[in-house]
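Order of appearance sets the numbers: ligands from 1, and atoms from 1 within every ligand. Please read all numbers here as calculations on a predicted model, not as lab measurements. For the numbers below, each heavy atom of this structure counts, side chains included, while hydrogens, waters and symmetry mates do not.
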Amino acid sequence: MRTKVLEIDPLNINIEIIKQAAEVINNRGLVAFPTETVYGLGANALDPKAVAGIFEAKKRPLDDPLIVHISDISDLDTLVEEVPPQFHKIVDRFWPGPLTIVLKKTDKVPDIVTTGLETVAVRMPSNVIAKEFIKAAGCPIAAPSANLFSRPSPTTAQHVMEDLEDKIDIVLDGGKTEVGIESTVIELVGERVIVLRPGGITLEELSSLAGEVEISMPGPLDNTPGKYPKHYSPKAKVVLIPDTRDQKEKTLHVIEALGNKGKVFGILAKQEHAADYKNANVKVLGPVNDSKICASRLFGLLREFDSEGVDVIISESIPEKGLGQAVMNRLRKAAGPLENFLNFFHPHN
Ligand code: AMP
Ligand code: MG
């Protein structure tokens, strides 16, 4: 199939384009669309055949469940059996927005969406194009990020095309996404709020409303976000430099070591350090105290390094405050298990 890229202005939405996209959904097709986090790859969440197309296009393993997107709170009636006590307080504050909530599902949600789990992950995005598109489709939209499985998530329509051209029907091009990193995924158990994946809503924001929040670190066999140790990854190897006082010296040390090995490398640096890495391919993640900027640039910069063909990305860690938590979660996944790192430096060990 030939993928159509349809430009759409979020400030002046062309309803004819939205209708075209909705029609594709109603004919079991696939539409990539912007949300405030990253671009999603959408299909009718209530149609298992349509949803199967998402897994096929992305080459996503069939045991990685999808998030279902809604445009109105009443859409929940079809999807979930019940909501826990603190649900309304939380969605009143954070919906529409980058927060996904795992809830007990109804029989109407096909198994392929939840990979057989009893729960379904639901989110109401705030991006106006996403909202209009979901409303026009008239059904909940199952949508993971619109990238090939394990590649960095797409924050522009061009990123979507790099990965999925001619595998999907339409890309709604609404420009660069605002947050740049995926949603926070939470589970509500009684009065407890458990974070399964850090993302666009920060832990500080959640706990200011809900008190203490717990963080669940999934193990390799758990059916939760993050179970794939290498995820969100560029083709290049990622070497993470810890956020310590001597970070700059450590980075310079790794630069020298890689240079001696004849590796082609790039550096993802804090704005405050960038000028010190002379004659190197440096990209600025953002100012150390502006985790929003860092989040919005992260995936695009990883993809830029890939298109330049670097072998290794040396990335400075940033403080785990605000969106810094989600940024570091993605960078750690991009770096992969520690063994990769050690094998890289000591291939014969
Ligand atoms: P993606 O849309 O690619 O960012 O991935 C969606 C994430 O939400 C995945 O990492 C899933 O594991 C997670 N997720 C979806 N459904 C559930 C669920 N029922 N329980 C826990 N996590 C889920
Ligand atoms: Mg994804």
*Answer with side chain, backbone, both or neither: which part of V102 has a heavy atom less than 4.0 angstrom from an atom of ligand 1?*
side chain
*Will you find, in the side chains of R297 and T155, an N or O donor that is under 3.5 Å from an N or O acceptor?*
no
_Per-atom contacts of ligand 1 with A121, taking only distances under 4.0 Å to non-hydrogen atoms_ = 15 (C), 16 (N), 17 (C)
*Would you indicate whether the side-chain heavy atoms of S291 and K321 approach each other to under 4.5 Å?*
no
*Please walk me through it: do R303 and E162 pass salt bridge (charged side-chain N to carboxylate O under 4.0 Å, His left out)?*
CA-CA 10 Å; R303 279 179 182 261; E162 276 170 29; 2.8 Å; yes
*Quick one: which ligand 1 atoms are inside 4.0 Å of a heavy atom on L66?*
15 (C), 16 (N)
*Would you check whether R197 has a nitrogen or oxygen atom less than 3.5 angstrom from a nitrogen or oxygen atom of ligand 1?*
yes
*asked:* Residue-level breakdown please: for H69 versus ligand 1, do any non-hydrogen atoms fall below 4.0 Å on the side chain, on the backbone, on both, or on neither?
replied: neither
_Check contact between K105 and ligand 1, using heavy atoms of the residue and a distance below 4.0 angstrom._
no
_Pairing of K59 and D163 as salt bridge, 4.0 angstrom limit_ = no
*Do E320 and R332 meet the salt-bridge criterion of a basic N to acidic O distance under 4.0 Å?*
yes
*Qualifying residue for side chain to side chain contact (heavy atoms under 4.5 Å, CB included) with K105, from D111, V122, V80*: D111
*Per-atom contacts, ligand 1 versus D64 - under 4.0 Å to a heavy atom*: 9 (C), 10 (O), 11 (C), 12 (O)
*Which atom names give the shortest non-hydrogen contact between V327 and C294, and what distance separates them?*
CG2-C, 4.2 Å
*Taking 2.8 Å as the cut-off, does an N/O/S atom of S145 lie below it from the Mg ion (ligand 2)?*
yes
*Is there a donor in the side chain of T244 and an acceptor in the side chain of Q247, or the other way round, less than 3.5 Å apart?*
no
*Short N/O distance, under 3.5 Å, between K58 and ligand 1?*
no
_Per-atom contacts of ligand 1 with T119, taking only distances under 4.0 Å to non-hydrogen atoms_ = 18 (C), 19 (N), 20 (N)
*With heavy atoms under 4.0 Å as the rule, classify the contact between E187 and ligand 1 as side chain, backbone, both or neither.*
neither
